Participant: 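Have a look at the structure that comes next, please.
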Amino acid sequence: MEYSSKSIETKWQKYWQEHKSFEPSEDFSREKKYILSMFPFPSGRLHMGHVRNYTLSDAFARYYRQQNFNVLHPIGFDSFGMPAENAAIKNGSHPKSWTYDNIDYMKNEFASLGFSFSKERELATSDELYTKFEQGFIIDMYEKGLLYRKKGMLNWCPHDLTVLANEQVVDGCCWRCDTPIVKKDMNQYYFKITEYADELLADLDKLESGWPKQVLTMQENWIGKSNGLAFDLYFDDTSKTKLSSNFESFDVFTTRPDTIYGVSYTALAPEHAIVSYMIENKLLSSDVVAQIEAMKNSSSIERQKEKSGVALGLDVIHPLTGEKIPVWVANFVLMDYGSGAVMAVPAHDERDFDFAKKYDLPIKAVIKPFDGELNPEAAYTEVGELFGSSEFDGLNSKEAQAKIIAHFQAQNIGKKTTNYKLKDWGVSRQRYWGAPIPFIHCEECGLVMEKKENLPVALPSDVEITGEGNPLEKHPTWKHCKCPKCGKDAVRETDTMDTFVESSWYFLRFCASKTNWEKEAFSAEQIKYWMGVDHYIGGIEHAILHLLYARFFTKVFRDLGYLEFDEPFERLLTQGMVLKDGAKMSKSKGNTVDPDALIEKYGADTARLFILFAAPPTQELEWNDSAVEGAYKFIKRFHDRAFTHLYATDVIPSIDHTTLNKEEKFARKKVYEALARANEVYNERYTFNTMIAGVMEAMNALNAQSNKDVWTEAYWIMASIMEPVIPHVAWEISEQFFGRKNLAPQAVIDEVFEEDSITLGVSINGKRRTEIEVAADASNEEIILIAKEAGAKWLEGMSIVKEIVVPKKLVNIVVKG
RNA sequence: GCCUGCGUGGUGGAAUGGUAGACACGACGGAUUCAAAAUCCGUUAUCUUCGGAUGUGGCGGUUCAAGUCCGCCCGCAGGUACCA
């Protein structure tokens, strides 16, 4: 029987569909596994990153089904978002039809890859039913005080009269019309994620056993909790007069109060209120104003790279020394961290140092290393001993920090403060293709929530997407409505929501079954059974934003009484990207590989096998056409040899190991080694590449013998191990020979690993010189004796210092002479 | 700029502090074939005076032992709050 991917794959895909093989059971007494891969944006076609993502989750889902778990492995589409509007601008397509056409196409691609998704829970976040429940949650959050309005700076194109995403700003200009963008202060909605900053930070501990350390560290740094001193810097009299006494002082925050005697200038963010006041009141030269405007309009990343600044011609008084300190504006000072102002200590901070060097500002060192000299050509940012700091001289940094904070508190001129880098989450978008924020502006009543029974507030379909203005704002009728409170004429909010809102709760929606799909987002009972997600799999690019927002929503939902746990994702697997020719696959680079073409030529099993074999999941994966060919050849061999060497049976053959010859024993050992490795891979390591290599080794060993019992036993196990990877061919073999009885848990037997003798490496001074063969039960003394004989050549004239035996590995003899 | 990773043969990678290069691709040699494809078997880190020497981005350190742990440097990638 020749291997034909097409006939086997069509057969089993049809079977799975007809038998609804992958729908989870509603029997909540069974043990469950919730396997989730991050759902895709429906960009049109699957790319290899998707194939990798869903092949991984599918492998887990299929493995746990074999282990008799009740498995939920759902799929949906994160279908709101900017690309649908970009396509509309480019091709005149409607975002909705563009999106749903793409979804239809991608669903077929999923099916052709043999992914074992539960189809009955499929959803698109742009479905009105999804929007309805989401808008309900938004209203709940507003009522709980977790959603509020404030001004925020946005990229504005003065030509197209539209807000631009960061991605749509190319070299400081609009992507469509090339007009230089400006920052515009506009009313925005924000989630109060900062209220949960401490809990989001503390609960990272609960994730330690299941999440990669890398992601935990990234989130910890992103939240960026730091303790320090906040105090006011007061202007001198001349400066106060300049400001017409509108400002007396400004607030600064430092994590290094021990360096306070080293302050030699202070810097404000370009957006700081004092700076704005000076611009408005023409207190700055036009040249200075132009420099400040340029700082404001450049991106935050640019502002951190090339430091620039300008003096304001103001001075403040040092709170402890009474010295005059100049006030500057600096581009690297950010308005949304701390108070938008910093005290600068160039001797002990890199950024302050670079800035001081560039503008020739004084550098005053006040900390020296506990041992060694202070280098005047660099900032010394470590802790050390204070000098030039009056009464605090001689203290170490840690003591000085506590004492200086205490001094400020006692004098009532400053206080101990905690700051976070984490900012509140801006959720409003001035775009069409998103979930409308279900609020109404009434002249009488102010901001009013839409009534829940009127949800969803749905998008109008008759819109023109041009890239100019805000489509909902421009729509002739959509925004006009009656106030739900007083009944008078009112207008709807025309902002829609950030698409991260949809992806912050979709994993909860998947817990709902068809029985309550229409009437509620999910039931408490369903959530309790299915959550948390046992394996969550997705790209490392989501390490911070998506995963932090989903954690935040979970905690908010808990506090709203919808669920009873703190964290949504038990175990997280972050996959690396798929590269070709050393670069990320992308249309613009023209280095994409189309999954459809691959499936057409080799079949889904080959695509899946290659992608799992080529690299461990967390690592970047380099595409290689000839290695794909190799994967295909392996599957063909795997299939064809089954049909030449096996007999049919519905129980695993029982074999008397002692009667076997050397090759047969070795083959069995390799098979059970592969099984032991597979168990480890599925449960702990997730390195499918090594699991597959183990099966290949077993195949090579099997090939050196011809015992049909050994072959049949091997396939009983190997088809089970490989089913999650190459399900179609595995089901075919299982069906043909084992009545599919082997797709079940497999037990490792120990007798195949028993050996009479073992080989050990012999090292002299850590350098491998030779090897020895010893009895498996030889004592260390015997082993050392044999090792010394074998290594006599290198031991001549040397005196032995130490002898180390590493069981079953090697002997190291340390000599000198 | 900042935060987080990664760097091993011609290539993808293995090695859970203990014999570096498993497994695979490619290449080379052979078998089969009228011939080719397919298939099967074998060789394959580098240098070598054939004794051995060198070797995991670079420099240094810890250890009996380092690809693995620590420090600094170089290169690449992801994130950087309106791409998802």
Side-chain angles (χ1 to χ4, degrees), chain A residues 38 40-41 43 78 81-83 86 152 154-155 163-169 188 212-215 217-222 224 299-307 332 336 350-351 354 421-431 498-500 503 539-546 548-549 574 576-577 579 582-584 610 613-616 618-631 633-634 636-637 640 680 684-685 687 689-690 692-697 700 703 759-763 765-771 801-804 806-814:
Chain A
M38 293 179 185
F41 176 81
S43 53
D78 190 14
M82 220 174 48
N86 291 346
L154 301 177
N155 300 314
V163 173
L164 298 177
N166 291 337
E167 191 187 54
Q168 295 173 316
V169 179
Q188 298 286 289
K213 197 159 173 33
Q214 175 190 11
V215 176
T217 310
M218 285 164 85
Q219 292 218 351
E220 185 182 333
N221 292 335
W222 184 260
S299 77
S300 64
I301 292 171
E302 283 307 309
R303 282 170 60 168
Q304 300 301 314
K305 280 186 189 164
E306 181 62 40
K307 291 167 195 69
F332 64 84
D336 39 27
E350 306 251 0
R351 288 188 308 183
D354 292 347
K421 283 207 188 84
L422 183 67
K423 300 184 284 194
D424 276 342
W425 170 13
V427 280
S428 40
R429 299 289 181 269
Q430 294 66 43
R431 278 190 265 281
D498 179 4
T499 58
F500 275 124
S503 53
I540 184 67
E541 66 272 21
H542 297 291
I544 295 174
L545 294 181
H546 161 61
L548 193 68
Y549 293 155
T574 49
M577 291 186 313
L579 309 180
K584 185 177 178 172
F610 167 74
F613 181 58
T618 55
Q619 204 166 305
E620 287 170 348
L621 185 152
E622 176 70 31
W623 193 263
N624 181 331
D625 285 324
S626 53
V628 174
E629 183 87 29
K633 285 182 191 168
F634 173 78
K636 187 171 154 51
R637 256 194 321 271
D640 294 350
E680 206 182 324
E684 295 159 45
R685 279 160 55 78
T687 49
N689 55 327
T690 61
I692 295 162
V695 174
M696 288 175 170
E697 284 179 53
N700 291 343
N703 223 29
T759 306
L760 299 179
V762 177
S763 294
N765 283 348
K767 182 160 187 60
R768 186 183 179 277
R769 289 298 181 181
T770 182
E771 62 182 33
V801 180
K802 203 169 180 180
E803 292 147 344
I804 295 147
V806 182
K808 295 185 173 133
K809 299 275 184 185
L810 57 76
V811 182
N812 189 18
I813 299 170
V814 185

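Owing to the predicted nature of the structure, the values given are computational and were not obtained by experimental measurement. A, B, ... follow the sequence lines: proteins, then strands. Residue 1 opens every chain.
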Participant: If we only count heavy atoms from C-beta on, is the A/Glu541 to A/His546 side-chain gap below 4.5 Å?
Facilitator: no

Participant: Mind checking the CD-CG spacing from A/Gln188 to A/Asp498? Nearest 0.5 Å is all I need.
Facilitator: 11.0 Å

Participant: Can you tell me how far C1' in B/U4 sits from the matching atom in B/U8, rounded to whole Å?
Facilitator: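 It comes out at 22 Å once rounded to the nearest Å.
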
Participant: Counting any heavy atom closer than 4.0 Å, what does A/Arg351 reach on the DNA or RNA strands: base, sugar-phosphate only, or nothing?
Facilitator: nothing

Participant: Please produce a list of atom pairs where a protein N or O lies less than 3.5 Å from an N or O of nucleotides 13-18 of chain B.
Facilitator:
unit_1: B/G13; atom_1: OP1; unit_2: A/Gln619; atom_2: NE2; d: 3.3
unit_1: B/G13; atom_1: OP1; unit_2: A/Glu620; atom_2: O; d: 3.3
unit_1: B/G13; atom_1: O3'; unit_2: A/Asn689; atom_2: ND2; d: 3.3
unit_1: B/A14; atom_1: OP1; unit_2: A/Asn689; atom_2: ND2; d: 2.9
unit_1: B/A15; atom_1: OP1; unit_2: A/Arg685; atom_2: NH2; d: 2.7
unit_1: B/U16; atom_1: N3; unit_2: A/Glu680; atom_2: OE2; d: 2.9
unit_1: B/U16; atom_1: O4; unit_2: A/Glu680; atom_2: OE1; d: 3.2
unit_1: B/U16; atom_1: O4; unit_2: A/Glu680; atom_2: OE2; d: 2.4

Participant: In whole angstrom, give me the gap between the C1' atoms of B/C3 and B/G55.
Facilitator: 34 Å

Participant: B/G51: syn or anti, with syn meaning chi within 90° of zero?
Facilitator: syn

Participant: Using whole Å, report how far CG of A/Asp640 lies from C1' of B/U39.
Facilitator: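 The distance from CG of A/Asp640 to C1' of B/U39 comes to 10 Å, rounded to the nearest Å.
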
Participant: Taking B/G67 as the reference, what is the distance to B/A45 when you measure between their C1' atoms (whole Å, please)?
Facilitator: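 It comes out at 15 Å once rounded to the nearest Å.
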
Participant: Please give the distance between the C1' atoms of B/G21 and B/U32 as a whole number of Å.
Facilitator: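 Their C1' atoms lie roughly 32 Å apart.
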
Participant: So what does A/Asp424 touch, heavy atoms closer than 4.0 Å: a base, only the sugar-phosphate, or nothing?
Facilitator: nothing

Participant: What N/O pairs connect the protein and nucleotides 68-74 of chain B at under 3.5 Å? Give each pair on its own line.
Facilitator:
none

Participant: Please give the distance between the C1' atoms of B/G79 and B/A84 as a whole number of Å.
Facilitator: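 These two C1' atoms come out 13 Å apart once rounded.
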
Participant: Check the pair A/Asn765, A/Val814 against side-chain contact (heavy atoms from CB on, under 4.5 Å), reporting the backbone distance first and the verdict last.
Facilitator: CA-CA 5 Å; A/Asn765 283 348; A/Val814 185; 3.6 Å; yes

Participant: Quote, to the nearest angstrom, the P distance that separates B/C76 from B/A81.
Facilitator: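 That atom pair is separated by 22 Å.
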
Participant: Dump the intermediate steps for side-chain contact (heavy atoms from CB on, under 4.5 Å) on A/Leu621 and A/Phe610, then the final yes or no.
Facilitator: CA-CA 10 Å; A/Leu621 185 152; A/Phe610 167 74; 4.0 Å; yes

Participant: Is a side-chain N or O of A/Gln168 found less than 3.5 angstrom from the main chain of A/Ala165, in a donor-acceptor match?
Facilitator: yes

Participant: If I take atom CE in residue A/Met577 and atom P in nucleotide B/C76, what distance separates them, rounded to the nearest angstrom?
Facilitator: 14 Å

Participant: Of the candidate nucleotides B/A81, B/C83, B/U4, which contains the atom at the shortest distance from the side chain of A/Glu167?
Facilitator: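 So the nucleotide nearest the side chain must be B/C83.
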
Participant: So A/Gly426, base contact, sugar-phosphate only, or nothing? Heavy-atom distance under 4.0 Å.
Facilitator: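 Sugar-phosphate contact only - A/Gly426 comes under 4.0 Å of backbone atoms but never of a base.
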
Participant: Grab the OH-C1' distance between A/Tyr549 and B/A84 for me, whole Å please.
Facilitator: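 Whole-Å distance recorded here is 12 Å.
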
Participant: Please measure how far the C1' atom in B/G7 lies from the corresponding atom in B/C59, and state the result in whole Å.
Facilitator: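 About 16 Å, rounded to a whole number of Å.
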
Participant: Check whether any side-chain N or O of A/Arg769 sits under 4.0 Å from OP1 or OP2 of B/A53, and answer yes or no.
Facilitator: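 Checking A/Arg769 against B/A53: at least one side-chain N or O falls below 4.0 Å of OP1 or OP2.
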
Participant: As an exercise, state the distance from CG of A/Asp354 to CD of A/Glu306, rounded to the nearest 0.5 Å.
Facilitator: 9.5 Å

Participant: What's the closest nucleotide to the A/Ile544 side chain, out of B/A20, B/G79, B/A81?
Facilitator: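 For A/Ile544, the side-chain atoms sit closest to B/G79.
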
Participant: Which residue, A/Asn700 or A/Trp222, contacts RNA chain B at a nucleotide closer to its 5' end, judged by nearest heavy atom?
Facilitator: A/Asn700

Participant: Would you indicate what A/Phe500 reaches in the nucleic acid, counting non-hydrogen atoms under 4.0 angstrom: base, sugar-phosphate, or nothing?
Facilitator: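 Since a base atom lies under 4.0 Å of A/Phe500, the category is base.
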
Participant: Between A/Phe500 and A/Trp425, how do the two ring planes meet: parallel, tilted or perpendicular, split at 30° and 60°?
Facilitator: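 The arrangement is perpendicular - the two ring planes meet at more than 60°.
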
Participant: Please state how far atom CD in A/Gln168 lies from atom C1' in B/A84, giving the value in whole angstrom units.
Facilitator: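 Checked: the CD to C1' distance equals 13 Å.
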
Participant: Measuring from the side chain of A/Met218 (C-beta onward, heavy atoms only), which nucleotide among B/C82, B/G78, B/A84 has the closest atom?
Facilitator: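 Within the option list, the nearest is B/G78.
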
Participant: Mind checking A/Thr618 for me? I need base, sugar-phosphate or nothing, with any heavy atom below 4.0 Å counting as a touch.
Facilitator: nothing

Participant: As a test of reading the structure: which of B/A81, B/G5, B/A84 is closest to the side chain of A/Met82, going by heavy atoms?
Facilitator: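 The answer is B/A84, which lies nearest to the side chain.
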
Participant: Paired stems touching RNA chain B, three or more consecutive Watson-Crick or G-U pairs with both distances under 3.5 Å?
Facilitator: B:1-7 with B:74-80, B:10-12 with B:23-25, B:26-31 with B:39-44, B:45-47 with B:52-54, B:57-61 with B:69-73

Participant: With a 4.0 Å cut-off on heavy atoms, is A/Gln188 in touch with a base, just the backbone sugar-phosphate, or nothing at all?
Facilitator: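 Base: the residue A/Gln188, judged by heavy atoms under 4.0 Å, touches a nucleobase.
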
Participant: Mind checking if A/Asp336 touches a base, just sugar-phosphate, or nothing, with heavy atoms under 4.0 Å?
Facilitator: nothing

Participant: Check every strand shown and say whether A/Met696 touches a base, only sugar-phosphate, or nothing at a heavy-atom separation below 4.0 Å.
Facilitator: sugar-phosphate

Participant: By nearest nucleotide on RNA chain B, pick out whichever of A/Lys633 and A/Gln214 is the more 5' one.
Facilitator: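 Residue closer to the 5' terminus by nearest nucleotide: A/Gln214.
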
Participant: Applying side chain to side chain donor-acceptor pair (under 3.5 Å), can you list everything that pairs with A/Asn166, at least two apart in sequence or on another chain?
Facilitator: A/Asn155

Participant: I need the CH2-C1' distance between A/Trp623 and B/G12, as an integer number of Å.
Facilitator: 12 Å

Participant: With heavy atoms under 4.0 Å as the rule, sort A/Leu154 into base, sugar-phosphate or nothing.
Facilitator: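 Contact class for A/Leu154: base.
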
Participant: B/A22, B/G52, B/U19: which one has an atom nearest the side-chain heavy atoms of A/Glu697?
Facilitator: B/A22

Participant: For B/A84, does OP1 or OP2 lie under 4.0 Å from any side-chain N or O of A/Thr499?
Facilitator: yes

Participant: Over all strands shown, is A/Lys421 touching base, sugar-phosphate only, or nothing at heavy-atom distances under 4.0 angstrom?
Facilitator: base

Participant: Classify A/His546 by what it touches in the nucleic acid, base, sugar-phosphate, or nothing, heavy-atom distance under 4.0 Å.
Facilitator: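 Result for A/His546 = nothing.
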
Participant: Could you tell me whether A/Met38 contacts a base, only the sugar-phosphate backbone, or nothing, with contacts defined as non-hydrogen atoms closer than 4.0 Å?
Facilitator: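 The answer is nothing, as A/Met38 stays clear of every strand by at least 4.0 Å.
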
Participant: Whole-Å distance between B/U11 C1' and A/Phe610 CZ?
Facilitator: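 The distance from CZ of A/Phe610 to C1' of B/U11 comes to 11 Å, rounded to the nearest Å.
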
Participant: Report the residues that fulfil side chain to side chain donor-acceptor pair (under 3.5 Å) with A/Asp625, sequence neighbours left out, ordered by chain and then residue number.
Facilitator: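 Per chain and number, A/Asp625 pairs via side chain to side chain donor-acceptor pair (under 3.5 Å) with A/Trp623.
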
Participant: Under the side-chain contact (heavy atoms from CB on, under 4.5 Å) rule, collect the residues that match up with A/Ile540, sequence neighbours excluded.
Facilitator: A/Gln214, A/Val215, A/Ala543, A/Thr574

Participant: I want to verify a distance call: between B/U11, B/C64, B/C82, whose nearest atom is closest to the A/Asn624 side chain?
Facilitator: B/U11

Participant: B/G61 and B/A15: how far apart are their P atoms, nearest whole angstrom?
Facilitator: 29 Å

Participant: Syn or anti: how is B/G7 classified when any glycosidic angle within 90° of 0 counts as syn?
Facilitator: anti

Participant: Have a look at A/Lys307 and say if it touches a base, only the backbone sugar-phosphate, or nothing, with a 4.0 Å heavy-atom cut-off.
Facilitator: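 The residue A/Lys307 makes no contact with any strand.
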
Participant: Without decimals, in angstroms, what is the distance between A/Asn765 CG and B/U63 P?
Facilitator: 15 Å

Participant: So what does A/Val762 touch, heavy atoms closer than 4.0 Å: a base, only the sugar-phosphate, or nothing?
Facilitator: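 A/Val762: no heavy atom of the nucleic acid under 4.0 Å.
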
